[in-house]
Number of protein chains: 2
Amino acid sequence: MADGTASDDAILFDDGEHRFIRLGAGSRGTKGVVQTTQYLIVDKGRGVLLDPGGVHLFPGVVAAASRYISIDDVDAIFFSHQDPDVSSGIALWLGVTKAKIYIADLWIRFIPHFGIVDQARIAPIESAGKAIRLASGAELAFVPSHYMHSPAAFSLYDRRARILFSGDIGGAVFPDGEETAFVDDFAGHVRYIDGFHKRLMASNSVAKRWVENARRLGPEMIAPQHGAVYRGASVGAFLDWLAGLRCGVDELDALYRM
Amino acid sequence: MADGTASDDAILFDDGEHRFIRLGAGSRGTKGVVQTTQYLIVDKGRGVLLDPGGVHLFPGVVAAASRYISIDDVDAIFFSHQDPDVSSGIALWLGVTKAKIYIADLWIRFIPHFGIVDQARIAPIESAGKAIRLASGAELAFVPSHYMHSPAAFSLYDRRARILFSGDIGGAVFPDGEETAFVDDFAGHVRYIDGFHKRLMASNSVAKRWVENARRLGPEMIAPQHGAVYRGASVGAFLDWLAGLRCGVDELDALYRM
């Protein structure tokens, strides 16, 4: 990948009316800072941002999104969970857009701790129904992802693009210089996701549940907030791997030794 | 409790050389914002802050801590985990103190997303040894609290004060006007902690592990980041209750229905 310029962007889906774009803004990490990826859905000229990220990424993500849409036309921002790399820029995003914020109900009372937040613009996902319906009629469905890792987390499935935005699930931690934009060789990719998932995901029982739901949706791509986008055969290979993973509370002995 | 003034402070332990203080700054929530509690340990005139909180609490916590110590004399800040209500003020605290920050290794690469952070002042708990030793010789021991709820979390045990600072564990969510500073009637307190623990804590298996370690330490008080301090008989009553709790991935059916 290139050095954080427009060339890192990737149009993952485009049918003329509806586009799903991976923004290049945060695709390369600063040394010692976990790399994050932001996505923008543009539907009939209106925008939805997915996990637009923390305060230090804000200028870059605004610039990247504005290559595709006027920031005024961002109507919705989806936060998969409450972690700082996902949502600490929330007060800034509320300032530059009129967008409604979608986040799990549990975190509504926590996010004001990021700064002054206008609660009237925050929509708890549990009350928002099963999906966001866009101008074209396309649907973005909320997919439960609790304890993967956050106790209250959601993925978002774009039914029209057949892309599942998975938040932390599927996330990769690349050593400097080994970043790839897509996963085409799953066997070679496992070493970048193994430690992250074993440590962050709460248990095999919940990983299996998430995989069952994901398989039922039948995504063509899985787009995580860290690392690379799964496509082709790597989608199924990733789901098979995750359904068999022992993680979190399955392996407490070493972590709880005192 | 009073209205956020010094009268909300409580000295939980004081032997002349070593004090453990509950600061009143965040003890009453703003409507719609989860209430948090900050603690200050003063040992031979030097300070340690525990979960000093998010950006919006910063001015109040600085003022509260400065009733006991010059802010320059704060040598260490302990963050139990990465949530915004715990740690989003980190860049501000690095600015006003020369303190070293202790947080679980996993979050070191995430917290720069809160803003510019001087990584050289951040100490990963896993590498810092089993405890922080203070000027008097008193020890603050790191107590594993992973998946309770954060995948990488620690409690902190002050062996001299016999107070276990437990982060989210034991946290209460009070309806407006029902806040209490201490738990003296555990049976009456359960309704404030039940929903919070069932939803946030990852499983009964890990809750039991944490309780085993806590019992071995034998604290006289358990001081959580939300809600009220357990003392007297309520310490054991809380540990018994937690060891028996079904929570998190033990009850996935309702949460994973699509």
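In this text, all values refer to a predicted model and were calculated from it rather than measured experimentally. A note on names: the letters A, B, ... follow the listed sequences, proteins ahead of strands, and every chain is numbered from 1.
Residues that satisfy the side-chain hydrogen bond (donor to acceptor under 3.5 Å, both in side chains) test with A/S203, not counting sequence neighbours, are A/S205.
Taking non-hydrogen atoms and a 4.5 Å limit, the residue list of residues 250-258 of chain A in contact with chain B, ordered by number, reads A/L252, A/D253, A/L255, A/Y256, A/R257, A/M258. Near-neighbour residues of residues 148-155 of chain A relative to chain B, defined by a heavy atom under 4.5 Å from a heavy atom of that chain, comprise A/M148, A/H149, A/P151, A/A152. Listed by sequence position, A/N213, A/L217, A/H226 are the residues of residues 212-228 of chain A in contact with chain B, using a 4.5 angstrom heavy-atom cutoff.
The greatest number of non-hydrogen atom pairs below 4.5 Å with chain A, out of B/K130, B/Q82, B/R199, is found for B/R199. Contacts with chain A were tallied for B/S145, B/G54, B/G89; B/S145 has the most, counting heavy-atom pairs under 4.5 Å.
For a residue to count as touching a neighbouring chain, one of its non-hydrogen atoms must lie under 4.5 Å from one of that chain's; by this rule A/I108 touches chain B with the backbone only. Looking at A/W107, the atoms closer than 4.5 Å to chain B (heavy atoms on both sides) all sit in the side chain, from C-beta outward.
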### Message
Working note: A/V173 + B/R109, criterion side-chain contact (heavy atoms from CB on, under 4.5 Å); need CA distance, chi angles, decisive distance, verdict.
### Response
CA-CA 11 Å; A/V173 179; B/R109 287 157 50 94; 3.2 Å; yes

